[in-house]
Every structure is written in C-alpha cells, then in structure tokens.
Amino acid sequence: MSASKSSSDNARNVLMDKIVSLCKRRGFVFQSSEIYGGLNGCWDYGPLGAELKKNLKDYWWRRMVRDRDDVVGMDGAILQNRSVWQASGHEKTFSDPLVDCKETKARFRADQIFYTPAIIGGDSHGYVSITESPSMEEEAQQKIRKIQKKGGIKGEIAPLDLKPLTEATAEERAQIPSPNATEPGTLTEPRQFNLMFKTYVGPVEDDKNVTYLRPETAQAIFVQFKNVLETSRVKPPFGIAQIGKAFRNEINPRNFTFRSREFEQMEIEYFCRPEDGMRLLDEWLETRLKFYEEIGIPRDKLHILDVPEKERAHYSKGTYDIEYEFPFGVQELEGVAYRTDYDLTKHQEHSGKPLEYFDPNTKEKFIPHVVEPSAGVDRTVLALICQAFDEETVTNDKGKEETRTVLRFAPRMAPIKCGVFPLLKNKPELVAKAREVQEMLRVHMNVFYDEGGAVGRRYRRQDEIGTPFCVTIDFDTLGENGDETKDTVTVRERDAMTQERIAIKDLLGYLLERIS
RNA sequence: GCGGGUAUAGCUUAAUGGUAAAGCUCCAGCCUUCCAAGCUGGCUAUGCGGGUUCGAUUCCCGCUACCCGCUCCA
C-alpha cells in the first residue's frame, strides 16, 4: 500500500469517525443494547435520527405513492408462511455451505470449490481442487501436471471429473486439499450458514412451526398481488409500494449502519406487460435518481452501475445499482431490477393459485412482469448524514479561528426545521413572545425552543444538527425601537449564517416555502 | 469466520498495582441587546466475566462491541 493511499484511507476513517461521533453525541444513532455491550450489526435511532428517517420515508411515500395515480401502498407482515420463502427460493439460496481451510484460514463456499481425482497413467494420485471460474478446467490440469512433474510420474492424465465439493463424500473430503494449500485434510466440514433468521410460530419449537424473519419486503407484495388487484381498481401498469423492516444474518456487518442485520427497505413492485419491462426499468432509474436529488444527494455523488448479466440474479433481465460515494467507498443505496415474471410465476406454481391478469381490452391473460426499485432506508439516512456533514473555519469577534460543524441537510429532510429563541431568557416579554411564535409554527413543522446560553451558542447547536432556520425574538420585536420593526423577527439561515427581518405574520409562509 | 487494532464521563484526551484528572459538552443559577462570552455550582467514566494479588482501570486469560484488511454480500 502506498503512502498516499494509506493517508487518504486515514483521512476518510477520520471523517467517518467524526460522523459516527456526531451521530452519537447529538442523538442520531446509538449502538443497540449499548449498556449490555451492544449487539453486532444492530443500531438504534435516537430522537433526531428517528425524525430524519421518518422525513425520508414520508417523503418517499409522498412522491412514490400519493403523488402518483399508478402506485398504491401496502404494509405486509414480517412473518410469512414458510412456503413463501420456499417458493421465492430464499430457503434454498439464502443458505450457503461454507468450509474453512485450517492451514491458510481462508473461507470458501463449498458449492464454489470444485474437485477432481488426479489420475495419471491409470493410477490415482489423490485429488486437486480449485475455486469456480471460467478457466478452472485448465487450472485443474495444471495442478495435476505439477503433481506429475514433482513425482516424476509417467503416463497420460485421465479426463477431469470436476464436481462441486458439496457432492464429495466424507472419505473423499479427507483426501481433497484446499484450493490454496498443497496437503489434503485442511478443509473443515461444510457448515450451513443461513442468512435468514429462523424462528418458530406458536409455543412449540417444532420443525413444523418453522419460519423466518423476512430477508426482503418484496415477497409480501407478490403474495398479495391478487388481493390488491381485486380491491384497489388498479390495472397494469401499476405498482405496489411498501416500507418495512427486513432481516439478514450477515456474516460480517460493517461500516456503521451501512450493513446491518436488521434494516428497513422502501420498495415498489411495478407490474407491467412483458414488452414494457425494459423501457420501464430505464424510466424507474430516472425517477429514482430525481428523488435522490430532491432529498439533497447530488447526481455527481451517485454512480449508476449497469449490473452485468453474470452478476445479476438469474431471473433478472436488467439491473441498475444506484451507488453513493460514502467516505468508506462507493456503495449501493438502491437496486432497480427488472425481475420479469419470475416471482409471480413461482408463487403461482407453489400455491396453485392463479396469479395472472386478464386484460379485458385485448382479451389476453398473462402473468405481469415486474420492475422493482428497492432502496435501503438506513443506507440512505447514512448517505444523507455523510452528504450533509461539513466543517468550516469561521473567525469569531475576537479574531480567533474556530471550527463550525454543520449538517447541511436539504431543509425538507432536516429533523428540526426551525429553532425559536428569545434573545435573552431573563426578559419575560421576550420569552412570552418566543413561546407564542413557537406555538404558531409547531402545528406546521418540527420546531425547537431554546433559551439556554448566548444566542450564538444556540445557533451553533442548531447548525450541528442541521436545523435550516432559527428565529430570534428581540427588543425590536417588542416595538422598543419603533413601530417599523414591531412584530418582526430575525430569521437566520444555517448555511450562509445570514439574517433577514421578517414580520411575524409572514413568517409561516416564509418558512413553509423553504422547507416543503 | 480469520488476521491486526481499539475500548477511561456525552465527546476529546490524561494518569495510576493503593479511592481516576482535565478541556469541551450538558444541567441549574447569575449575568448577557444576535454567532460556541463570563462567573458560581452540579451530574456523569475505567465495556463484560474470570484469574494473579492484601489490593487490578493498570498484569494475565476469556467474552463482547467497534474500526481496518481478508472473506462474504440473494
């Protein structure tokens, strides 16, 4: 690693440390179960984090559901019949058999290690193994040739018989070396690692009562597709939107709240005619990119990854990942995937219930195709905080330089929209007037009243939590300096720290215009 | 899961085999006529569990959590 690389790594760690520290100090995010030592991969949102997250979800719901004629909402249960997870393929594919190499400490997925007996000149010379790749035949050949050369063995190498390690018997496994070791016997037994949290429905912990906490919210939508269709007077193309928790028993949670074991998703399953799928995939990508701009994540901090076919889920005809430049790297916020008719078809097969749509105009019956924009709520909250975080150097009255920490949230995302301060707290008239203004505003937005300390300190406190506006009631407001400024207040803006004098009667309109 | 690192107050840092210190923050009071002013007072900490020891925050072991690198990421 070069010096410059490690110093920039260090810089971004410092930035992330500052963000994590601010999140805790000001009540955005706490470690879950902190007083008991925490719980790996779980986080709690404090008062401001909860507001921020709620603002994000509410705005998504408003833009994706209420502002549109073609999307309706639902709210599915976290627990579903186990058959749902069998039909969706999660019970099978969310469970990976893992093996460790005791010698090299490497970990492999057992289904991605392939092995073959090394047969040279008709005699067996043990086994070789390689990890799955397009060139694995050739690599296996090379490994066998090495054995041949090393042992000075004569004869033809027999044709390879490559099989995944999952098919090896116990006796075979004892003789199969790890792909990156030479001696056999260093691989552990394959162990099932299930990414789904298993639980039991009902009081008896019996195999018949097994189900899982949902690893994604989408399946509830597919399973209720017919009910929504029949009760909501919608017809394709239309979408069903949902916001809710999902759970994955990640092997390795990392990067603060970015990869958690319990997380929230905002998803739409958009049902359409098969021929419209690819076009709608692109349209939804644009719709979603616009959304990120609206919440204050600029386009130039987003990366669009057109996921290549071999990395897509097998049923997907096209997938875009929307990624954000986090301090710890470019990471996915949202996947926009064209899932074809895979999910509905699977549920139709497994449930035996028809999930087709009959188009009365064309007299056609078909299983709708699906485009799915699926966003991570917690990841987007983290992106909002990372994007908003800024430190700037300001010079105070005494000419001393100091650091101002400010979260530059888009006002519509800010947890608190407006601070309300009496200039001095020991003047009852100022306090009374400030309370009056607070009452007037609070029915329309989240406001915060503060009278502690000097007014400058109060401004800085609000800067650090991203409050876009602060209103101060002073002696002008009371009319002490003439009628012209009576019943006016100063509105101080967070980013530029500029102040404007606004009449109290115009204040609500002024703020609403800037925060909606 | 492997390897490395870290763990003292809300935050940042000190110190110590013998009752843990400070700055900032926070709270209360006084003062204060617009950008972290001042004064007084106050709350709050050695992650958890073992061991060694007369005595452990300090030494040892285990666990947990967080960070970094691998690995993993439908």
Side-chain angles (χ1 to χ4, degrees), chain A residues 1 6 9-10 12-14 16-18 20-27 30-43 46 85 88-96 98-109 112 188 191 193-196 215-216 218 246 248-256 258-259 311-316 328 331-332 335 337 374 394-398 400 402-405 421-427 430 452-464 470-478 480-481 489-492 494 497-499 501:
Chain A
M1 193 180 283
S6 83
D9 279 0
N10 195 44
R12 67 192 203 191
N13 293 344
V14 168
M16 209 50 217
D17 284 350
K18 280 181 179 171
V20 172
S21 171
L22 175 67
C23 280
K24 175 164 191 203
R25 189 169 70 246
R26 304 315 303 260
F30 305 125
Q31 196 177 4
S32 176
S33 317
E34 192 190 69
I35 63 169
Y36 290 105
L39 182 63
N40 189 238
C42 296
W43 303 89
W85 308 116
S88 68
H90 284 92
E91 190 170 88
K92 211 167 181 181
T93 62
F94 250 54
S95 172
D96 295 330
L98 298 176
V99 294
D100 294 308
C101 172
K102 285 180 276 195
E103 185 187 325
T104 61
K105 308 293 183 201
R107 163 166 288 189
F108 305 95
R109 268 174 58 177
Q112 289 177 351
T188 61
R191 284 173 296 176
F193 193 99
N194 198 326
L195 252 43
M196 289 197 292
E216 62 173 30
R248 290 181 200 178
N249 206 351
E250 295 284 355
I251 296 173
N252 192 1
R254 271 295 159 88
N255 291 326
F256 196 34
F258 183 82
R259 188 183 298 158
E311 286 170 32
R312 292 198 298 260
H314 61 90
Y315 48 76
S316 175
F328 47 81
Q331 298 278 352
E332 181 185 349
S374 170
V394 293
T395 309
N396 69 16
D397 336 345
K398 300 185 192 85
K400 215 177 91 185
E402 54 189 22
T403 301
R404 183 174 83 115
T405 302
F421 312 147
L423 183 59
L424 301 173
K425 76 168 161 181
N426 60 357
K427 297 287 184 290
L430 291 177
V455 72
R457 174 186 296 272
R458 286 177 253 161
Y459 287 146
R460 294 300 170 81
R461 277 200 281 248
Q462 295 305 312
D463 289 343
E464 210 178 32
C470 291
V471 167
T472 299
I473 284 73
D474 60 13
F475 293 93
D476 286 1
T477 316
L478 302 178
E480 288 194 3
N481 296 308
V489 293
T490 58
V491 179
R492 181 262 196 186
R494 175 194 67 203
M497 295 190 282
T498 50
Q499 298 190 350
R501 250 201 126 79

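Every chain is numbered from 1 and lettered A, B, ... according to where its sequence line falls, protein lines coming before strand lines.
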### Task
Could you pull out all residues at least two apart from A:Lys425 that satisfy salt bridge (Lys or Arg N to Asp or Glu O under 4.0 Å)?
none
### Task
Return the nucleotide paired to B:rC43: Watson-Crick means purine N1 to pyrimidine N3 with N6-O4 or O6-N4, wobble means G-U with N1-O2 and O6-N3, both under 3.5 Å.
none
### Task
Kindly indicate whether the side chain of A:Ser21 and the base of B:rC11 share any N or O donor-acceptor pair separated by less than 3.5 Å?
no
Could you list the donor-acceptor pairs under 3.5 angstrom formed between side-chain atoms of residues 471-478 of chain A and any protein atom two or more places apart in sequence or on another chain?
residue	atom	partner	partner atom	Å
A:Thr472	OG1	A:Tyr459	OH	2.8
A:Asp474	OD1	A:Asp476	N	3.1
A:Asp474	OD1	A:Thr477	N	3.1
A:Asp474	OD1	A:Thr477	OG1	3.0
A:Asp474	OD1	A:Arg501	NH2	2.9
A:Asp474	OD2	A:Arg501	NH1	3.2
A:Asp476	OD1	A:Asn481	ND2	2.2
A:Thr477	OG1	A:Asp474	N	3.0
A:Thr477	OG1	A:Asp474	O	3.2
A:Thr477	OG1	A:Thr488	O	2.8

### Message
When the C1' atoms of B:rU32 and B:rU40 are compared, how many Å lie between them, rounded to an integer?
### Response
15 Å
### Task
Answer with base, sugar-phosphate or nothing: what part of the nucleic acid does A:Arg458 contact at a heavy-atom distance below 4.0 Å?
nothing
### Task
For B:rU13 versus B:rU57, give the span between their C1' atoms, rounded off to a whole number of Å.
16 Å
### Task
Mind calculating the distance between CD (A:Glu402) and C1' (B:rC35) to the nearest angstrom?
8 Å
### Task
Could you give the distance separating B:rU8 and B:rG3 at their C1' atoms, to the nearest angstrom?
27 Å
### Message
Rounded at 0.5 Å granularity, tell me how far CD in A:Glu250 sits from CG in A:Asn40.
### Response
10.5 Å
### Message
With rounding to the closest Å, how many angstrom separate the C1' atoms on B:rU52 and B:rU71?
### Response
38 Å
### Task
Between B:rC72 and B:rA9, how far apart are the C1' atoms? Round to whole Å, please.
38 Å
### Query
Hey, does A:Gln499 reach any base, or is it just sugar-phosphate, or nothing, if we go heavy atoms under 4.0 Å?
base
#### Entry: With A:Arg259 via salt bridge (Lys or Arg N to Asp or Glu O under 4.0 Å) - residues at least two apart
none
#### Entry: Atom pair CD/CH2 of A:Glu34 and A:Trp43 - distance to nearest 0.5 Å
9.5 Å
### Query
Over how many whole Å does the gap from A:Glu464 atom CD to B:rG10 atom P extend?
17 Å
### Query
Between B:rU33 and B:rA14, how far is it from one C1' atom to the other, in whole Å?
41 Å
### Summary
With the side chain defined as heavy atoms from C-beta on, A:Arg460 is closest, among B:rC35, B:rC68, B:rC34, to B:rC35
### Query
Mind checking what makes salt bridge (Lys or Arg N to Asp or Glu O under 4.0 Å) contact with A:Lys427, not counting sequence neighbours?
none
#### Entry: Closest nucleotide among B:rU33, B:rA65, B:rC72 to the A:Phe475 side chain
B:rU33
### Task
In whole angstrom, give the distance that lies between atom NZ of A:Lys24 and atom C1' of B:rU12.
13 Å
### Task
Using whole Å, report how far OH of A:Tyr459 lies from C1' of B:rC34.
5 Å
### Query
Could you give the CD-to-P distance, from A:Gln31 to B:rG47, as a whole number of Å?
14 Å
### Query
Which one is paired to B:rA37, where only Watson-Crick or G-U wobble pairs with both distances under 3.5 angstrom count?
none
## Note on the structure
By nearest-nucleotide position on RNA chain B, the 5'-leaning member of A:Trp43 and A:Ile473 is A:Ile473
### Task
Measure the spacing between CZ of A:Arg26 and OG1 of A:Thr405 and express it to the nearest 0.5 Å.
10.0 Å
### Summary
Atom CG of A:Leu423 and atom C1' of B:rA37 are separated, to the nearest Å, by 14 Å
### Query
Touch check for A:Gly41, heavy atoms < 4.0 angstrom, all strands: base, sugar-phosphate only, or nothing?
sugar-phosphate
### Task
Would you classify A:Phe421 as touching base, sugar-phosphate or nothing, given that sugar-phosphate means primed atoms plus P, OP1 and OP2, and contacts are heavy atoms under 4.0 Å?
nothing
### Message
Distance check, P atoms only: B:rU25 and B:rG1, in whole angstrom units.
### Response
43 Å
### Query
When rounded to the nearest 0.5 angstrom, what is the spacing between CZ in A:Arg494 and CD in A:Glu464?
13.0 Å
### Query
Atom CG of A:Asp474 and atom P of B:rU32: how far apart are they, to the nearest Å?
17 Å
### Query
Applying a 3.5 Å limit to both distances, which nucleotide forms a Watson-Crick or G-U wobble pair with B:rC59?
B:rG51
### Task
Taking only the side-chain heavy atoms of A:Leu424 (C-beta and beyond), determine which of B:rC34, B:rU32, B:rC35 contains the nearest atom.
B:rU32
### Residues in salt bridge (Lys or Arg N to Asp or Glu O under 4.0 Å) contact with A:Arg492, at least two apart in sequence or another chain
A:Asp463
### A:Ile35 CD1 to B:rU46 C1', straight-line distance once rounded to whole Å
17 Å
### Query
For B:rA15, which nucleotide is its Watson-Crick or G-U wobble mate, given both distances must be under 3.5 Å?
none
### Task
Apply the test side-chain contact (heavy atoms from CB on, under 4.5 Å) to residues A:Arg254 and A:Gln331: give CA-CA distance (whole Å), side-chain angles for both, the deciding distance (0.1 Å), then the verdict.
CA-CA 12 Å; A:Arg254 271 295 159 88; A:Gln331 298 278 352; over 6 Å; no
### Message
Check the phosphate of B:rC2 against A:Asn252, side-chain N and O only, distance under 4.0 Å to OP1 or OP2. Yes or no?
### Response
no
### Message
Give me the distance, rounded to whole Å, that separates B:rC43 from B:rG23 when you measure between the P atoms they each carry.
### Response
15 Å
### Query
So which nucleotide does B:rC2 pair with, by the Watson-Crick or G-U wobble rule with both distances under 3.5 Å?
B:rG69
Each nucleotide N or O in nucleotides 24-31 of chain B that has a protein N or O under 3.5 Å away: list the pair and distance.
residue	atom	partner	partner atom	Å
B:rU25	OP1	A:Arg457	NH1	2.8
B:rU25	OP1	A:Arg457	NH2	3.2
B:rC26	OP1	A:Arg461	NH1	2.5
B:rC26	OP2	A:Arg457	NH1	3.1

